[in-house]
Amino acid sequence: MGEKNSTWLTPVPKQSLSKMVVEKIKEALINGDIKPGDFLPSETELAESLGVGKSSVREAIKMLEALGVVQICKGNGSRVRTCVHASMLNPLIFQLILNSNEERQAQLVEFRKMIEISASLLAIDNATEEDIAKLREIHEQFKSDFNRGKATVDKDMKFHNVIYESTHNPFVVSIGVCIMELFHPSLVIANRDYSKIVTDNHEQILAALEQRDKKAMETAIRDALDAWSSLALTATLSK
């Protein structure tokens, strides 16, 4: 352990236990005392320095492992990951789900509009020609499925996720993936019952991206989300 990692190792309040151990490690990451790729202090050192039992440290490490923050390396301790794999547990989606209900429908629509419009405008600035070609390919596949009566939510979600990816901003991508997951049930309804509207909306969005037209993009996103909220989201939340 280097000198830079020792300042955060101070006792935590007795009542806090494993959650406060997690908070201490989080603060150390934010402050740069611990960096991605670093090994955490040993279980014994953490327990003694933080003034908690080994069981609390062990539980905290397991929590961080479940969140994809650390990787337990047998015989070597716990190492902070350099990135969180997409397959790992994302607590944000659970927070969004638990806050979602019919009474908050207007706020949900507001939230998605804010994120999706901002992300789509950023995609206009940052998307490469390869990104646009990928989006065009997905859209053509979606149209082909629609013409055969087989439009599915999977390609719809993929279309929107590629827009988020086209921002080339990992923070935007993370939020975007959560949003698409949160609204999956309503997107199923949209693709099942209103696939023509979805197809037309995608065409507008893609055209705006290809032309790098921010005004057209904002209009296209607003039109798409207005249709989604009035037709599909309402049906989902009223179940």
Side-chain angles (χ1 to χ4, degrees), residues 1-100 104 107-108 110-112 114-123 125-127 161 163-182:
M1 287 294 299
E3 185 67 27
K4 67 182 179 68
N5 290 331
S6 60
T7 56
W8 61 278
L9 291 170
T10 56
V12 299
K14 296 297 182 184
Q15 72 273 16
S16 302
L17 301 175
S18 58
K19 287 186 180 179
M20 282 306 300
V21 175
V22 170
E23 283 297 312
K24 277 284 191 176
I25 294 172
K26 182 186 75 175
E27 288 172 13
L29 284 165
I30 292 171
N31 295 333
D33 295 321
I34 303 174
K35 292 182 170 55
D38 286 351
F39 277 92
L40 293 177
S42 69
E43 188 178 285
T44 299
E45 185 178 352
L46 282 170
E48 291 177 353
S49 300
L50 300 177
V52 298
K54 285 187 179 181
S55 60
S56 296
V57 171
R58 201 170 297 122
E59 184 179 349
I61 297 301
K62 286 182 179 179
M63 290 165 64
L64 291 169
E65 183 189 25
L67 294 173
V69 177
V70 303
Q71 178 182 14
I72 297 176
C73 306
K74 290 185 178 180
N76 292 311
S78 301
R79 187 175 189 175
V80 179
R81 291 181 181 271
T82 54
C83 64
V84 177
H85 192 272
S87 64
M88 300 305 297
L89 175 66
N90 188 340
L92 177 58
I93 186 61
F94 291 100
Q95 184 178 351
L96 293 176
I97 290 169
L98 294 175
N99 281 329
S100 304
R104 291 179 174 170
Q107 292 171 315
L108 278 170
E110 214 172 50
F111 172 66
R112 188 179 172 192
M114 179 186 71
I115 300 299
E116 199 151 327
I117 289 173
S118 298
S120 299
L121 296 180
L122 183 60
D125 290 333
N126 294 348
N161 283 336
I163 293 177
Y164 285 116
E165 291 166 8
S166 297
T167 67
H168 295 277
N169 184 312
F171 303 102
V172 174
V173 175
S174 295
I175 294 293
V177 169
C178 281
I179 287 174
M180 297 311 297
E181 193 173 348
L182 172 65

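Just the heavy atoms: all of them, side chains too, but no hydrogens, waters or symmetry mates, feed the values below. Just so we're clear, the structure is a prediction, and the values are computed from it rather than from any experiment.
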Quick one: side chains of residues 70-77, donor-acceptor pairs under 3.5 Å with protein atoms, not counting sequence neighbours, listed by atom name and distance.
none

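Nearest approach of G176 to N161, heavy atoms of both residues: O-OD1, 4.2 Å. The two atoms that bring S18 and S56 nearest to each other are CB-O, 3.4 Å, heavy atoms only. Nearest heavy atom pair, residue V172 against residue A119, reads CG1-CB, 3.7 Å. Nearest heavy atoms, S78 versus I61: OG-CG2, 3.4 Å.
In terms of modelled atom types and a separation under 3.5 Å, the side chain of S120 and the main chain of I117 share no donor-acceptor contact.
Here the straight-line distance linking atom CZ of R81 with atom CG of L64 works out to 11.5 Å at 0.5 Å rounding. To the nearest 0.5 Å, atom CD1 of residue I115 and atom CD of residue E110 are 11.5 Å apart. For the atom pair CG of L40 and CZ of R79, the computed distance is 11.0 Å after rounding to the nearest 0.5 Å. Here the CE-CD distance, from M20 to E27, works out to 6.5 Å after rounding to the nearest 0.5 Å. Separation of atoms CD1 (I179) and CG (L108) is listed at 10.0 Å; rounding is to 0.5 Å.
With a 4.5 Å cut-off on side-chain heavy atoms, V21 and L46 do not count as touching. Side-chain contact between V69 and V22 is absent, with no heavy atoms from C-beta onward closer than 4.5 Å. Using a 4.5 Å heavy-atom cutoff, the side chains of D125 and L121 are not in contact.
Electrostatic pairing of E23 and K26 counts as a salt bridge here, judged by a charged N lying under 4.0 Å from a carboxylate O.
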Would V80 and I25 count as a side-chain contact (heavy atoms from CB on, under 4.5 Å) here? Give the steps.
CA-CA 10 Å; V80 179; I25 294 172; 5.8 Å; no
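Under the rule for a salt bridge (charged side-chain N to carboxylate O under 4.0 Å, His left out), the partners of E116 that lie at least two apart in sequence or sit in another chain are R112. Taking R58 as the reference, E43 meet the salt bridge (charged side-chain N to carboxylate O under 4.0 Å, His left out) condition, with sequence neighbours excluded.
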